[in-house]
Amino acid sequence: MRDILALATRFSSWNGSVAYAADLAARVDGTLTGAYVYPSPLYMMPPYASPQLLEIVLENAREIERDAHASDASFVAWAKANGVRRAAWQVAEGHVPEVLAHIGNWHDLLVIERNPEAPWGAPADLGALVLRTHLPCIVTPHEWCDARLDRIALAWNGSAESLRAIHAALPLLCHASHVVLLDGGRRDPDIEIGWSPRFDVEVHLRNHAINAKRVSIGTDDEHAGEALLEAATRESADLLVMGAYGRTRISEWAFGGATRKILSGAEIPVFMRH
């Protein structure tokens, strides 16, 4: 996990998730890419706008583009001053999930920040990025900059999503001195035709030289999010690893779910993989 992508919501200074990504890149000797994305000016145009208004909107967009591109050298210098050996700056126009999915094709991890006052910082928007960028994501609390990896908690319920998240996080788990497996009990389907090979998560972790302490947090689906956050806090975790959207995204947001709860209120960074 050496190529780390961070969404920048501004370019005159760097928001918390960019600082977190820089700290993480320095710790793992990775490459950091900061990406600033602005919407197409055509999407912002009211219907039947006058040619004069169109000209003003287009010129404002070009000015933003010029200023954003001009931040390249300052971003690289800032990253290197924070211990990052290799850094790059990307500017794009378009729909944020699509742009990040494209840049993500040559990256291992995306870092985004929960900040309802910033573009794409509200919980629902973060959920869209987790789903649509096809990347493992770390969601940081607002202005959280410390990327310590000493104590990592893993959310486990036997689901495909939790397994994907744990497997994707293996390169980060290797940096931890304490890993705890928060076992919520296996979520078996009500009706199952056939069977799948048994998977032992603890054996899988040991095969990667990771010894995890298992802690049971048996709870129902409705309170799984709260239970995970409470257990991670008790373990003084620096990072929580979990699968995202075990149900459909619509049912998660309509009826509540662990992903929704975590995206809305986690007070530590969360590594998510759908």
Side-chain angles (χ1 to χ4, degrees), residues 1-2 4 6 16-30 32 82-84 108-114 126 130 135-159 161-185 200-219 223-244 258-259 261-274:
M1 193 166 289
R2 296 296 180 86
I4 300 169
S17 59
V18 179
Y20 179 96
D23 189 28
L24 181 60
R27 291 174 187 268
V28 302
D29 191 25
L32 172 66
N82 282 274
V84 180
D108 304 312
L109 176 70
L110 170 64
V111 181
I112 48 183
E113 179 179 3
R114 187 179 72 248
L126 296 171
V130 170
L135 276 173
C137 297
I138 291 181
V139 181
T140 67
H142 181 46
E143 296 298 342
W144 186 289
C145 304
D146 188 351
R148 281 180 297 178
L149 298 171
D150 187 51
R151 301 177 67 87
I152 299 180
L154 310 177
W156 173 249
N157 64 1
S159 68
E161 293 79 19
S162 63
L163 175 52
R164 289 190 199 107
I166 291 173
H167 187 72
L170 285 173
L172 301 183
L173 298 181
C174 294
H175 293 268
S177 63
H178 179 80
V179 177
V180 59
L181 191 70
L182 304 179
D183 188 352
D200 190 320
V201 64
E202 289 175 296
V203 170
H204 185 65
L205 290 171
R206 286 198 296 270
N207 287 341
H208 290 271
I210 298 164
N211 292 309
K213 179 182 78 170
R214 184 186 290 265
V215 174
S216 176
I217 58 162
T219 184
H223 300 97
E226 292 93 334
L228 282 173
L229 292 178
E230 290 171 3
T233 298
R234 287 196 303 270
E235 296 293 332
S236 302
D238 302 311
L239 181 70
L240 172 63
V241 175
M242 65 175 289
T259 307
K261 175 63 179 178
I262 300 297
L263 286 175
S264 299
E267 296 182 354
I268 60 172
V270 181
F271 180 106
M272 286 187 164
R273 179 76 170 92
H274 177 61

* Kindly write out the residues that satisfy salt bridge (Lys or Arg N to Asp or Glu O under 4.0 Å) with Asp108, not counting sequence neighbours, or none if the list is empty. => none

* Asked: Within the side chain of Asp238, is there an N or O that forms a donor-acceptor pair under 3.5 Å with the backbone of Arg151?
  -> yes

* Asked: What residues form a ring pair (Phe, Tyr, Trp, His ring centres under 6.0 Å) with His208, not counting sequence neighbours?
  -> His204

* Report the residues that fulfil salt bridge (Lys or Arg N to Asp or Glu O under 4.0 Å) with Glu143, sequence neighbours left out, ordered by chain and then residue number. => Arg10

* Structure fact -> Sorted by chain and number, sequence neighbours left out, side-chain contact (heavy atoms from CB on, under 4.5 Å) with Leu163 holds for Trp156, Phe199

* Rounded distance [0.5 Å steps], CD1 in Ile210 versus CG in Leu181 -> 11.5 Å

* **Closest contact, heavy atoms only, Leu173 versus Leu154** => CD2-CD2, 3.7 Å

* Could I get the full list of side-chain hydrogen bond (donor to acceptor under 3.5 Å, both in side chains) partners for Arg27, not counting sequence neighbours? => Asp23, Asp146

* Structure fact -> Scanning both residues in full, the closest heavy-atom pair of Ala6 with Leu32 reads CB-CD1, 4.3 Å

* Asked: How far apart are the closest heavy atoms of Ala165 and Phe271, and which atoms are they?
  -> O-CE2, 3.5 Å

* Structure fact -> By salt bridge (Lys or Arg N to Asp or Glu O under 4.0 Å), Asp150 pairs with (sequence neighbours left out) none

* Asked: Is there a side-chain contact between Leu182 and Val180 (heavy atoms, below 4.5 Å)?
  -> yes

* **Residue pair Val215 / Glu235, side-chain heavy-atom distance below 4.5 Å** => yes

* Structure fact -> For Ala153 and Ala237, the nearest pair of non-hydrogen atoms, with its separation, is CB-CB, 3.9 Å

* Heavy atoms only: give me the nearest Ile217-Ala231 pair and the separation to one decimal. => CG2-CB, 3.7 Å

* To do: Not counting sequence neighbours, which residues clear side-chain hydrogen bond (donor to acceptor under 3.5 Å, both in side chains) with Ser17? List them please.
  => Asn15

* Tell me, please, which residues at least two apart from Arg2 pass salt bridge (Lys or Arg N to Asp or Glu O under 4.0 Å). => none

* Asked: Hey, are Glu161 and His274 close enough side-chain-wise for a donor-acceptor pair under 3.5 Å?
  -> no

* side-chain contact (heavy atoms from CB on, under 4.5 Å) assessment of Val201 paired with Arg214 -> CA-CA 10 Å; Val201 64; Arg214 184 186 290 265; 4.2 Å; yes

* Asked: If you round to the nearest 0.5 Å, how far is NE2 of His178 from CD1 of Ile152?
  -> 10.5 Å

* Asked: Are there more than 12 heavy atoms of other residues, nucleotides or ligands under 6.0 Å from atom NE2 of His167?
  -> no

* Structure fact -> In terms of heavy-atom contacts, Ile4 and Ala21 come closest through CG2-CB, 4.0 Å

* Side-chain heavy-atom pair Leu24, Ile138 within 4.5 angstrom cut-off -> yes

* **Listed partners of Arg273 passing side-chain hydrogen bond (donor to acceptor under 3.5 Å, both in side chains), at least two apart** => none

* **Listed partners of His223 passing side-chain contact (heavy atoms from CB on, under 4.5 Å), at least two apart** => Thr219, Asp220, Glu226

* To do: Decide yes or no for Leu205 and Leu170: does some side-chain heavy atom of the first lie under 4.5 Å from some side-chain heavy atom of the second?
  => yes

* To do: Please identify each residue that fulfils side-chain contact (heavy atoms from CB on, under 4.5 Å) with Asn82, with sequence neighbours left out.
  => Trp78

* To do: May I have the step-by-step check of side-chain contact (heavy atoms from CB on, under 4.5 Å) for Leu126 and Met272, ending in yes or no?
  => CA-CA 11 Å; Leu126 296 171; Met272 286 187 164; over 6 Å; no

* **Counterpart residues, side-chain contact (heavy atoms from CB on, under 4.5 Å), relative to Arg206 (two or more places apart)** => Glu202, Val203, Asn211

